[in-house]
Amino acid sequence: MSDENIIDVDQNETDTCEEITDTDTISGEDKSENISTNEAAGTTEDIDADYSIDEEPGESSENTSCSEANEATTVSGATASQVAETAGSKRWNEYTSSTDLDDTDELMILDTSAKANKRTLLSKLADYVLGKLADKVFAKLETQNKTVIGALNELNSKQSKTISVSNVTDIQTLVNSAMGGTNILFHLAGAGYTGNDLPKDTKYGYGSGIIFYRNAGSCKIVLIPEGSKPVWKMSDWTKWRDFANNIVD
């Protein structure tokens with residue numbers, strides 16, 4: 001068989017490869033058996049000559065090669081698809097971490113009613129959790145109201161409204177900061193007292209006392225100095241009085 005004929009066969013092989021599908025019948029295996037039989041019988045014809053004589057259209061060994069190539073391509077194509085799919089997915093610890101959360105960040109949830117995955121905002125999740133906490137009944141709370149908000153309100157209503165303040169430098173400033181229904185125990189700052197509303201006796205600057213504050217129009221102040229008689233006044237008075245109602249200046 002000449003080189004020219006071999007080239008023609010190769011060209012035919014290329015054209016045939018383009019048309020082979022997975023359902024094509026592969027007959028090259030029979031030819032391989034024929035070749036092996038001929039060789040065992042001592043046949044001196046070369047392989048090219050044998051193929052030229054015995055092969056029928058569409059049943060050449062070249063078709064076997066093309067079919068094997070197509071089969072390999074099909075397997076390789078599936079493998080490439082699987083690799084691409086695998087490469088597109090990540091394990092949980094392969095995602096980057098986010099520490100700066102925002103209300104507009106999104107989460108994926110499963111809507112069990114619709115049986116579908118859905119997106120939701122982080123702010124919606126926060127509102128949902130807070131709403132659940134507000135309505136949740138905690139049996140172990142030792143208050144009459146067993147919800148968080150109700151228990152806090154209950155404790156706040158029972159909280160003592162008597163507070164204590166040390167090193168007061170100005171009684172009037174303390175009065176102005178008081179809240180309704182508050183009793184304020186105080187200790188003056190002594191030499192550090194800067195207000196100008198005490199009796200002239202310097203001993204009063206080292207005194208202690210209490211403010212009975214109902215509201216801005218009803219506030220009584222009692223001052224007990226060290227070594228002098230106690231005095232009292234209303235917050236809008238300019239002069240102190242002793243408990244015999246005498247002015248102490």
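- At a cut-off of 3.5 Å, with distance as the only test, no side-chain donor of Asp170 or Thr194 sits close to an acceptor on the other residue.
- Hydrophobic clustering keeps Tyr206 apart from Tyr193 (ILVMFWY residues linked when any side-chain heavy atoms are closer than 4.5 Å, directly or through intermediates).
- Every residue meeting the side chain to side chain contact (heavy atoms under 4.5 Å, CB included) condition with Val148, not counting sequence neighbours, appears here in chain and number order: Phe138, Leu152.
- With sequence neighbours left out, Asn215 forms a side-chain hydrogen bond (donor to acceptor under 3.5 Å, both in side chains) with no residue at all.
- For His187 and Ser208, the side-chain atoms include at least one donor-acceptor pair closer than 3.5 Å.
- Atom CG of residue Asp197 and atom CD1 of residue Ile221 lie 7.5 Å apart, to the nearest 0.5 angstrom.
- Met108 and Tyr95 are members of different hydrophobic clusters when ILVMFWY side chains are connected at heavy-atom separations under 4.5 Å.
- By the side-chain hydrogen bond (donor to acceptor under 3.5 Å, both in side chains) test, Ser235 pairs with no residue at all, sequence neighbours left out.
- Annotation: Glu94, atom CD; neighbour count of heavy atoms from other residues, nucleotides and ligands within 6.0 Å is above 12.
- Every residue was checked against the side-chain hydrogen bond (donor to acceptor under 3.5 Å, both in side chains) condition with Asn153, not counting sequence neighbours, and none meets it.
- Between Glu226 and Lys203 there is no salt bridge, since none of the side-chain N atoms of the basic residue sits less than 4.0 Å from a carboxylate O of the acidic one.
- A donor-acceptor contact closer than 3.5 angstrom links the side chains of Asp102 and Thr104.
- Through side-chain heavy atoms spaced under 4.5 Å, either directly or across other Ile, Leu, Val, Met, Phe, Trp or Tyr residues, Ile109 is tied to no other residue.
- Two residues are said to be in side-chain contact when any heavy atoms from C-beta on lie closer than 4.5 Å; Leu107 and Leu121 fail this criterion.
- Between the Ser177 side chain and the Leu174 main chain, a donor and an acceptor come within less than 3.5 Å of each other.
- Ile224 shares a hydrophobic cluster with Leu185, Ile210, Phe212, Val222, Trp232, Met234, Trp237, Phe243; the chain of contacts runs through ILVMFWY side chains whose heavy atoms sit under 4.5 Å apart.
- Taking CD1 of Ile211 as the start and OG1 of Thr162 as the end, the distance is 12.0 Å to the nearest 0.5 Å.
- Within a 6.0 Å sphere centred on CG of Asp100, other residues, nucleotides and ligands contribute 12 heavy atoms or fewer.
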